[in-house]
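Below, chains carry the letters A, B, ... as their sequence lines are ordered, and counting in each starts from 1.
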Protein chains: 2
Amino acid sequence: MSQTDTVTRILDAAEALFAERGFTETSLRTITSTAGVNLAAVNYHFGSKKELIQAVFERFLTPFTDALEAELDQRVATGGTLRVEDLVGSLFRVGLGGLSERGLDPQRFMRLLGLAYTQFQGHLRRFIVARYGNSYRRFAGLLAQALPGVDPVTFYWRLYFMLGATIFTLSSYDAIEAILREDFGAQSSLPETLERLVPAASAMLKVEAG
Amino acid sequence: MSQTDTVTRILDAAEALFAERGFTETSLRTITSTAGVNLAAVNYHFGSKKELIQAVFERFLTPFTDALEAELDQRVATGGTLRVEDLVGSLFRVGLGGLSERGLDPQRFMRLLGLAYTQFQGHLRRFIVARYGNSYRRFAGLLAQALPGVDPVTFYWRLYFMLGATIFTLSSYDAIEAILREDFGAQSSLPETLERLVPAASAMLKVEAG
DNA sequence: GCGGGAGTTAAACAGTTGTTTTAAATGATG
DNA sequence: CATCATTTAAAACAACTGTTTAACTCCCGC
């Protein structure tokens with residue numbers, strides 16, 4: 001088994017297990033045994049469990065922000081005024097399409113993102129801010145431009161409202177979908193849910209009275 | 001040290017530590033030592049760590065839902081059409097005022113509520129649904145009545161959007177507030193943030209296109 | 001005054017955790 | 001083919017986890 005093979009197998013197993021159970025609830029022994037590699041391989045290749053967690057995030061966050069940057073480049077280049085719905089739509093379309101094209105599971109990433117915020121891993125938050133803060137600030141800046149009437153502080157609070165609605169909903173997507181299917185018999189796909197989320201989030205950003 | 005004293009001290013310590021670090025990240029030894037009681041006291045009085053977690057939630061969720069029910073009773077009794085803003089406002093006012101009147105910390109409870117959803121404690125979710133599901137369904141029903149134009153499935157998705165925005169934002173309130181104060185020099189109080197959240201959440205519930 | 005039960009205590013239990021060590025195997029390079 | 005660093009392997013490490021045990025204290029009702 002080559003090195004890259006072992007590294008990839010560990011990342012695959014860790015990603016799935018973290019999303020399913022959380023970080024502290026997933027032991028290195030569970031990861032290595034489902035990956036079919038030796039226990040010591042994690043500390044050998046990644047150094048520690050913390051660094052493994054960061055590596056899992058890096059592997060999906062880098063292609064995501066790259067795709068988002070490219071999308072923003074294109075929108076800016078083709079000129080035209082950037083509307084709120086377009087920007088929010090871009091964000092979701094990239095997250096949904098860009099990742100699943102690569103055979104990656106967008107729900108799983110939303111779950112991991114939610115964990116990054118709610119599980120108590122200070123190192124993870126610092127890592128993400130340091131590595132991807134620029135992309136985040138660029139998107140936020142463009143969105144603020146599209147909302148000239150909203151004062152900065154209110155805007156940023158609403159940005160967090162949107163972030164919360166998105167991360168919370170999509171990271172619990174399966175559970176919510178199951179409840180709705182049971183109560184209404186109507187199943188909703190992930191793209192449908194995002195179609196519902198775009199106008200809702202946009203409306204929240206744009207309210208006048210604030 | 002009387003029994004109630006020990007029980008209360010354990011609950012106080014557990015509540016603060018859980019909100020600060022999470023469930024699995026908080027050991028019984030940390031709880032009992034900060035509470036100043038013996039390690040075995042938790043298993044003696046509560047049975048297990050799981051039941052301690054449930055007891056912590058029961059202690060603040062019961063007064064909260066009681067106050068919410070009372071508020072809803074009053075609104076229904078005084079007649080008048082129930083508007084979306086009023087219902088959402090009631091929810092927040094009760095959560096903020098009703099709890100802090102009792103000397104309880106509303107942010108901490110939002111943090112705990114967030115954990116209940118994102119940490120992987122199946123027993124907790126089941127416990128909360130079983131104990132407080134009726135209050136939740138009553139509130140959701142009244143809110144749905146105030147939104148006659150919105151189809152049920154869309155309504156429930158938006159309810160989760162609102163839940164996510166609220167829990168996510170308020171459970172990270174301190175962190176977000178610190179960032180905004182650093183970047184804009186403007187500090188926002190918790191009531192101010194809720195004043196921003198009420199119209200934003202209401203707008204999200206009411207959007208037409210969807 | 002005294003049995004008895006509720007409450008507390010210190011100690012030990014068995015299991016799991018992340019990490020390290022030491023040795024063997026592998027595989028590319030000279 | 002020999003050599004060397006890289007990679008895997010099994011085992012042990014020390015620390016920590018939730019829970020249980022058994023002895024002990026205390027107070028209340030008889």
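Between B/Phe23 and B/Phe57, the ring planes lie tilted relative to each other; the angle falls in the 30° to 60° range.
Residues meeting the salt bridge (Lys or Arg N to Asp or Glu O under 4.0 Å) test with A/Asp12, sequence neighbours left out: A/Arg59. Listed by chain and residue number, B/Arg138 satisfy the salt bridge (Lys or Arg N to Asp or Glu O under 4.0 Å) test with B/Glu69 (two or more places apart in sequence, or in another chain). Evaluation of the side-chain hydrogen bond (donor to acceptor under 3.5 Å, both in side chains) rule for B/Tyr173 yields no partner, not counting sequence neighbours.
Residue pairs meeting the salt bridge (Lys or Arg N to Asp or Glu O under 4.0 Å) criterion with at least one partner in residues 86-100 of chain A, sequence neighbours excluded, are A/Glu71-A/Arg93, A/Arg83-A/Asp86. Pairs engaging residues 37-58 of chain A under the salt bridge (Lys or Arg N to Asp or Glu O under 4.0 Å) rule: A/Glu58-A/Arg131 [sequence neighbours left out].
For B/Tyr44 and C/dG5, the OH to P distance is 12 Å, given to the nearest whole Å. Between the P atom of C/dT20 and the CZ atom of A/Phe46 lies a distance of 16 Å, rounded to the nearest Å. Rounded to whole Å, atom C1' of D/dA22 lies 13 Å from atom CG of B/Asn38. Rounded to whole angstrom, the span from the CZ atom of B/Arg9 across to the P atom of C/dT8 amounts to 11 Å.
Among the atoms of the strands shown, none is found under 4.0 Å from any heavy atom of B/Ala41.
The side chain of B/Thr6 contributes an N or O atom lying less than 4.0 Å from OP1 or OP2 of C/dT8.
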Atom pairs under 3.5 Å: protein N/O with N/O of nucleotides 14-18 of chain D:
residue: D/dT17; atom: OP1; partner: B/Ser27; partner atom: OG; Å: 3.3
residue: D/dG18; atom: OP1; partner: B/Lys49; partner atom: NZ; Å: 2.7
residue: D/dG18; atom: OP2; partner: B/Leu28; partner atom: N; Å: 3.0
residue: D/dG18; atom: N7; partner: B/Arg29; partner atom: NH1; Å: 2.8
residue: D/dG18; atom: O6; partner: B/Arg29; partner atom: NH2; Å: 2.8

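Among D/dT20, D/dT8, C/dT8, the nucleotide with an atom closest to any side-chain atom of A/His45 is D/dT8.
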